[in-house]
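Presented below is the structure to which this report refers.
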Amino acid sequence: MELDQINHPSDIKNFSIKELEELAQQIRGFLIQKLSVTGGHLAPNLGVVELTLVLHYLFESPKDKLIFDVGHQSYVHKILTGRKDEFDTLRQYKGLCGYIKRSESEHDVWEAGHSSTSLSAAMGMALARDLKGENNHVIALIGDGAMTGGMALEALNHIGHEKKKMIVVLNDNEMSIAPNVGAIHNYLSKIRADKHYLKAKEEAQQLLKKIPKVGGTLAKSVERLKDSMKYLIVSGVLFEELGFNYIGPIDGHNIELLLQAFKQADKIDGPVLVHVVTVKGKGYSPAEIDSHKWHGVGPYKLESDQDEKQKKSKAVPSYSNVFSNSLIDLAKEDERIIGITAAMPSGTALNKFAHHFPERMIDVGIAEQHATTMCAGLADLGMKPVFAVYSTFLQRAYDQLVHDVCRQNLNVVFAIDRAGLVGDDGETHQGVYDLAYLNHIPNIVIMVPKDENELQHMVKTAIDYNEGPIAFRYPRGAGIGVDMDRQKKTLSIGSWEVVREGNQVAVLAVGPMVKLAQEAAEELAKENIQLEVINARFVKPLDHSMLQDLANEKKALITLEEASIKGGLGSAILEFYAEEEIYYMRIKQMGYPDYFVEHGSVKYQREEIGLTVEKIIENVKHLCNQKSEVNT
Ligand SMILES: Cc1ncc(C[n+]2csc(CCOP(=O)(O)OP(=O)(O)O)c2C)c(N)n1
Ligand SMILES: CC(=O)[C@@H](O)[C@H](O)COP(=O)(O)O
Ligand SMILES: [Mg+2]
């Protein structure tokens, strides 16, 4: 049967192993071709083709709950559950989501995007099943990278305690986005290195046969046997000790072995961990060779027609690269500086820092909570830890921010990347809550650069600041193309910048919104409306004197931020005037709304929520007209 005849998992239930293998190849070709146009998480999905096929072949989704950790590797699942014809819209506005999405299918039973939640969800579903007296399977598919996340370890601990029937599929491809790190990774490597495993097994069997009845060699033999037995049971002993039945390691591309393993797992009444070894990017050699680069990609030329060298355009540097290059410059003069990442070395560009200072860059795995408190420890003893982390992933470390860093007022620097709308990754990755979740915590300074040049000054400002925690947030992707000052400078904490003088109405903007406000001001000037534009580059502390001046001038204000309206810059300004008992100020807030904005281009997302030049102009005119009404 051809792929285009597959529209539901039931369509493959009577397949032979050979037919499943053929279908796997068709799915691989489909993914490679489709994603060459749309982009997406190619390598992760090529690695789980056979695994996903077998899970849908053996189990009855959606009655049996198939839970994908992160969900970036759920494209095969989507192909098998009736959505293959939507792949031309993958990760596009109003198109197919790149992660599990309940609204798309009854087979999508658990949404994610953030790592390491699958085991906790599985525990909940298994408990609910048993309490309701139902008998469905609960199967969680978690990668070796996601297994380094604290939540996963908390769940393992509890699952082993409850001993409810469930299957944890550990998809071990030795990769997080970058090569995986950590003691569990090292442990898995030992198991994966099957040469030891098989050799030890054979050795133990030989020894058992040859144990001499008496004599001196007995002690030696027993000694060697003990060592071998250690190897023999090394596979899975960690999980066995935690209360799981361990099956593996299984070749994750061998359908026959996978079927055997899961049939065996199905018979066990309790938690089972099936350790599956896969190749990230399997079946597409560029992705197999460099699965780090091919973890998440934009559109690409297929291998067959990649004859001409990809021309490197002289692009505007990304904010991430400006951050990392600035940190490298400063670290040359300041040995206190340590770069920390939670499994995102390339996304944050700290891999460049690591190239210069290999011993001063620490990748903790997918462990943002641990990273934050580890930074507190580093700062406590006089180091200058710089935690580069996506806004959305720093949400994981809220208590550590409050309890360990800010309350103790420790000199930790937070380089908050992907702040604002992120585009194709959608609502689970929008970096829009950092201003809100930081603003109310005492002791922290929050900065937002208007462009890549001001970012380099904020990196220096943060390193030079030793009064406690300090954060700066910057967007995904390229800067706006301004010239870079040759010298980095230290900004005065709490100082805003008037970018354009005006009257009647002032817009207080942060980050890339400053440029948007300037564009609106230029349009309004054509109608002789002079919009004042202020770069409110410190969200905490606010520039109180400038806010007082604006009140004295009785200007109407617009606050403009690519961050949640609730709790962001605008909220802080409203609170300021309330605290000062200045009640007459007219303030219009513009920002991210009180709902989740789904995947699509940043352009479409900004249009959806009204972060546009047109909307700014509309609001300015409204305030001008309103003002004239108020004065009459
Ligand atoms: C809390 C959190 N931190 C970081 C990420 C970014 N991230 C997405 S996928 C991934 C690696 C996952 O590795 P693994 O679970 O092994 O899956 P694979 O891609 O190897 O299939 C990371 C770090 C995330 N999604 N969530
Ligand atoms: C699945 C996941 O969370 C990451 O792969 C994320 O998509 C990376 O985002 P960037 O592409 O912005 O680095
Ligand atoms: Mg992995």
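Model, not experiment: these values are computed from the prediction.
Applying the salt bridge (Lys or Arg N to Asp or Glu O under 4.0 Å) test to E497 and every residue at least two apart in sequence or in another chain returns K450. Listed by chain and number, the residues in a side-chain contact (heavy atoms from CB on, under 4.5 Å) with N325 are N321, I328, K352 (sequence neighbours excluded). Under the salt bridge (Lys or Arg N to Asp or Glu O under 4.0 Å) criterion, R537 pairs with E454, not counting sequence neighbours. With sequence neighbours left out, the salt bridge (Lys or Arg N to Asp or Glu O under 4.0 Å) criterion links R336 to D334. N439 meets the side-chain contact (heavy atoms from CB on, under 4.5 Å) test with I446, V539, K540, A572; sequence neighbours excluded. The salt bridge (Lys or Arg N to Asp or Glu O under 4.0 Å) search around D363 returns none, not counting sequence neighbours.
Listed by first and then second residue, the salt bridge (charged side-chain N to carboxylate O under 4.0 Å, His left out) pairs that reach into residues 560-582 are E562-R606, sequence neighbours excluded. Residue pairs that meet the ring-ring contact (aromatic ring centres under 6.0 Å, His included) test with at least one member in residues 348-384, sequence neighbours left out, are F353-F357. Contacts classified as salt bridge (charged side-chain N to carboxylate O under 4.0 Å, His left out) and involving residues 169-183 (residues at least two apart or in different chains) are given here: D172-R192, E174-R192. A salt bridge (charged side-chain N to carboxylate O under 4.0 Å, His left out) check over residues 480-492, counting only residues at least two apart or in different chains, returns the pairs D329-K488. Among pairs with a residue in residues 459-475, those fulfilling salt bridge (charged side-chain N to carboxylate O under 4.0 Å, His left out) read D434-R473, K460-D464, at least two apart in sequence or across chains.
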Under 3.5 Å, which donor-acceptor pairs do the side chains of residues 146-159 form with other protein atoms, sequence neighbours left out?
| unit_1 | atom_1 | unit_2 | atom_2 | d |
| --- | --- | --- | --- | --- |
| T148 | OG1 | G145 | O | 2.5 |
| T148 | OG1 | I366 | N | 3.1 |
| H158 | NE2 | E162 | OE2 | 2.9 |

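Aromatic ring centres of Y99 and H429: separated by under 6.0 Å.
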